[in-house]
Amino acid sequence: MSLFEKYPVSITNSLSGKKEVFTPLKSPFVGLYSCGPTVYNEVHLGNLRTFTAFDVVYRYLTHIGYKVRYVRNITDAGHLTNDAGEGVDRIEESARLEQLEPMEIVQKYTFSFHEVCRIFNILPPTIEPTATGHIVEQIEMVKKILANGYAYEVNGSVYFDVRKFMEKYKYGELSGRNIDDLLEGTRELDRQDEKRNAVDFAIWKAVSPNHIQRWPSPWGEGIPGWHLECSAMGTKYLGEQFDIHGGGMDLKFPHHECEIAQSIGAYGKTPVRYWMHSNMLTVNGEKMSKSKGNSFLPRELFTGTHPLLSKAYSPMAVRFFMLQSHYSSTLDFSNEALQAAEKGYKKLSNALSTLKKLDHPGVSGKQDEELLKLIDEAYRNMSDDFNTAKTLAVLFEMSSRINDIKSGNYKLTDLDSDTFQKFKSAYVTFMEDVLGLQEEGSQNHEVLDGVIRVMIELRKKARTDRNYTLSDKIRDDLKALGVQLMDGKDGEISYTIE
RNA sequence: GGUCUCGUGGCCGAGUGGCUAGGCUGAGCUCUGCAAAAGCUCCUACAGCGGUUCGAAUCCGCUCGAGACCUCCA
């Protein structure tokens, strides 16, 4: 029996608004798509929250035995900031601002995005398609939609005909929009628009002659509509219908709503069975966004240079901070909250390194139902709509048990070896593989480790000589450098690096 | 204006009809040469009002407050 059968996953489906048991179309295969970044700028912490949320979804589904194909796109084709064709193209704008080719902009920020992902331990997806690499697929999709009568061409642009679509299908189901209201509110603006109705959206857009990014199409030179790329690439790699599509809450409308309409318009079936939306990261209760100017860059965290921060925070502390809340709730970002998260993370991380060094003595004790129950709970919590907050609570329980073992309050000889192995493997797996919380510091510094060991030996000697002035000096000086020594009961000294 | 979400102890943040969330902070204790770490104990809340129920933070209604989407945004 596989883990996903033992702990069936339930997902809050944005489409129904309800928690539903997750059954993949072709178990054990799972198709997962999540909207990636538009690479015209550096990603900020709010963006990162969503990527982290779906990283955990991918990690957990994989861990419990599903074969996941995880597609996360890179939007590297520019789009006009509104569907009417006014506004600016972000990538072109950045290119002009930085005096670079659009391709250089896109390359630069794609690399930067990957670097940030690596730092935050966000795994690469199994496929990371780019919009510009799938122009052909997008043009083909536009052709299909035109052929099916759900789009019309005006002056080299192609628009999706929402009115026509609604004669046969529903539009607005995902976001709970009432189309009549939408039409009502925007009727005035329609006059000089190419669109038949305000709710129509571009699936192919003709661009002016001085626009740098452009591709030939049956309708003339232009760029694909923003919503189209996800539909085209999702279909190509995951099929006309697939299991999970995720993204930030702010993409629900119009982006995801349009995706649904396009796919139905092209293939006659609804593209996604489970829609997942992660909620916003807020600052003082307001959404973090570039346009509001309240966003934090990853770099500002590591260096502690942001005016709202009192110090620098490590990537893992930030990752822990995000996992402490459920993905569907807003999460408020503040210096205090980060400080608390840093300490909490350190506690779990310390227990992790302690546990890794522990081995069962081989003397057979008895089973411990409590420990086994904790493992079971961790799985139940994760299978319950990827509730990382509840899972972390269980890991804190476990870390207490680990510390009990370390301090001798709980003797390993009283525990049977099988239970211990299960417990150990569960804690390490949930921390590292499922939640992606790695140990920080200590490792990867062989020389430093050697040097600290030498200092520790000297301090031990000083202590046995009762030369506390010297032993305290060694400890205090190392502390000043960020190395914390801790005296164990058995006379052994361990250390952590800030 | 329309649609929707949320309001939990000093702070962050789970929970959704009866059972301890958890983390951080603060106070006390144990251990320790002193620290640190760890363990134990304490401070115990559900915006307000009304209703349903044997029983509600959890369901329903109203009031107040905050936010999101409706235009690019994860």
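Atoms considered below: every heavy atom in the structure, side chains included; atoms not considered: hydrogens, waters and symmetry mates. Letters A, B, ... mirror the listed sequences (proteins, then strands); counts begin at 1. Note that this is a predicted model, so its numbers are computed, not measured.
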Margin query: I'd like to know whether A:N387 forms a side-chain contact (heavy atoms from CB on, under 4.5 Å) with A:M382, so could you lay out the CA-CA distance, the side-chain angles of the two residues, the decisive distance to 0.1 Å, and finally the verdict.
Written below: CA-CA 5 Å; A:N387 197 323; A:M382 277 309 288; over 6 Å; no

Check: When rounded to the nearest Å, what value does the distance between P atoms of B:rC59 and B:rU8 take?
Finding: 15 Å

Note to self: Using atom C1' in both nucleotides, what's the gap between B:rA38 and B:rA45 to the nearest angstrom?
What the structure shows: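 My reading of the C1' atoms in B:rA38 and B:rA45 gives 28 Å.
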
Identify whether any heavy atom of [X] sits under 4.0 Å from a base atom; if not, whether one sits that close to sugar-phosphate; answer base, sugar-phosphate or nothing.
{"X": "A:L338", "answer": "nothing"}
{"X": "A:S329", "answer": "sugar-phosphate"}
{"X": "A:L251", "answer": "sugar-phosphate"}
{"X": "A:N403", "answer": "sugar-phosphate"}
{"X": "A:R463", "answer": "base"}
{"X": "A:K287", "answer": "base"}
{"X": "A:G46", "answer": "base"}
{"X": "A:D476", "answer": "nothing"}
{"X": "A:K292", "answer": "sugar-phosphate"}
{"X": "A:M486", "answer": "base"}
{"X": "A:R380", "answer": "nothing"}
{"X": "A:S278", "answer": "nothing"}
{"X": "A:K479", "answer": "nothing"}

In whole angstrom, give the distance that lies between atom [atom1] of [X] and atom [atom2] of [N].
{"X": "A:L358", "N": "B:rA38", "atom1": "CG", "atom2": "C1'", "result": "14 Å"}
{"X": "A:I402", "N": "B:rA37", "atom1": "CD1", "atom2": "P", "result": "18 Å"}
{"X": "A:M288", "N": "B:rG67", "atom1": "CE", "atom2": "C1'", "result": "15 Å"}
{"X": "A:M280", "N": "B:rA66", "atom1": "CE", "atom2": "C1'", "result": "17 Å"}
{"X": "A:L374", "N": "B:rG22", "atom1": "CG", "atom2": "P", "result": "12 Å"}
{"X": "A:H255", "N": "B:rU71", "atom1": "NE2", "atom2": "C1'", "result": "15 Å"}
{"X": "A:I493", "N": "B:rA36", "atom1": "CD1", "atom2": "C1'", "result": "12 Å"}
{"X": "A:L395", "N": "B:rA14", "atom1": "CG", "atom2": "C1'", "result": "14 Å"}

Less than 3.5 Å between a donor and an acceptor, one on the side chain of [X] and one on the base of [N], is that the case here?
{"X": "A:N41", "N": "B:rC72", "answer": "no"}
{"X": "A:R49", "N": "B:rA74", "answer": "no"}
{"X": "A:R90", "N": "B:rC72", "answer": "yes"}

Among the nucleotides [options], which one has an atom lying closest to any side-chain atom of [X]?
{"X": "A:S325", "options": "B:rC24, B:rG15, B:rG13", "answer": "B:rG13"}
{"X": "A:E286", "options": "B:rA74, B:rA68, B:rC24", "answer": "B:rA68"}
{"X": "A:D250", "options": "B:rG39, B:rA74, B:rC34", "answer": "B:rA74"}
{"X": "A:F396", "options": "B:rG22, B:rC24, B:rA74", "answer": "B:rG22"}

Next item on the list: Kindly state whether the ring of A:H245 and the ring of A:Y274 have centres lying under 6.0 angstrom apart.
Entry: no

Write down the protein N/O and nucleotide N/O pairs, taken from nucleotides 4-12 of chain B, whose separation is under 3.5 Å; answer none if there are no such pairs.
none

Margin query: Nearest heavy atom decides the nucleotide; on that basis, is A:L48 or A:G488 closer to the 5' end of RNA chain B?
Written below: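 Result of the comparison: A:G488.
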
Can you say whether the rings of [X] and [Y] are parallel (under 30°), tilted (30 to 60°) or perpendicular (over 60°)?
{"X": "A:Y171", "Y": "A:F253", "answer": "perpendicular"}
{"X": "A:H277", "Y": "A:H256", "answer": "tilted"}
{"X": "A:Y60", "Y": "A:F386", "answer": "perpendicular"}

Notebook entry, point to check: Can A:Y468 be classed as stacking with the base of B:rG33, given a centroid separation cut-off of 5.5 Å and a plane angle cut-off of 30°?
Noted result: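 According to the criterion (under 5.5 Å, under 30°), yes, A:Y468 stacks.
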
Margin query: Is the phosphate of B:rA37 approached by A:N350 (side-chain N or O, under 4.0 Å from OP1 or OP2)?
Written below: no

Item checked: Presence of A:K346 side-chain N/O under 4.0 Å of B:rC24 phosphate oxygens OP1/OP2 ->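 So the side-chain polar atoms of A:K346 never come under 4.0 Å of the phosphate oxygens OP1 or OP2 of B:rC24.
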
Check: Got more than 12 heavy atoms from elsewhere within 6.0 Å of NZ, A:K356?
Finding: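 Above 12, so yes.
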
Check: Can a salt bridge be assigned to the pair A:R453 and A:E457 using a cut-off of 4.0 Å between side-chain N and carboxylate O?
Finding: no

Notebook entry, point to check: Does the pair A:D200/A:R163 count as a salt bridge with the N-to-O cut at 4.0 Å?
Noted result: no

Note to self: Please evaluate residues A:F54 and A:Y327 with respect to the criterion side-chain contact (heavy atoms from CB on, under 4.5 Å), reporting the C-alpha separation (whole Å), side-chain torsions for both, the decisive distance (0.1 Å), and the verdict.
What the structure shows: CA-CA 9 Å; A:F54 291 103; A:Y327 73 84; 5.6 Å; no

Checklist line | Residue that, paired with A:P298, satisfies side chain to side chain contact (heavy atoms under 4.5 Å, CB included) out of A:V116, A:I119, A:N47 | finding: A:V116

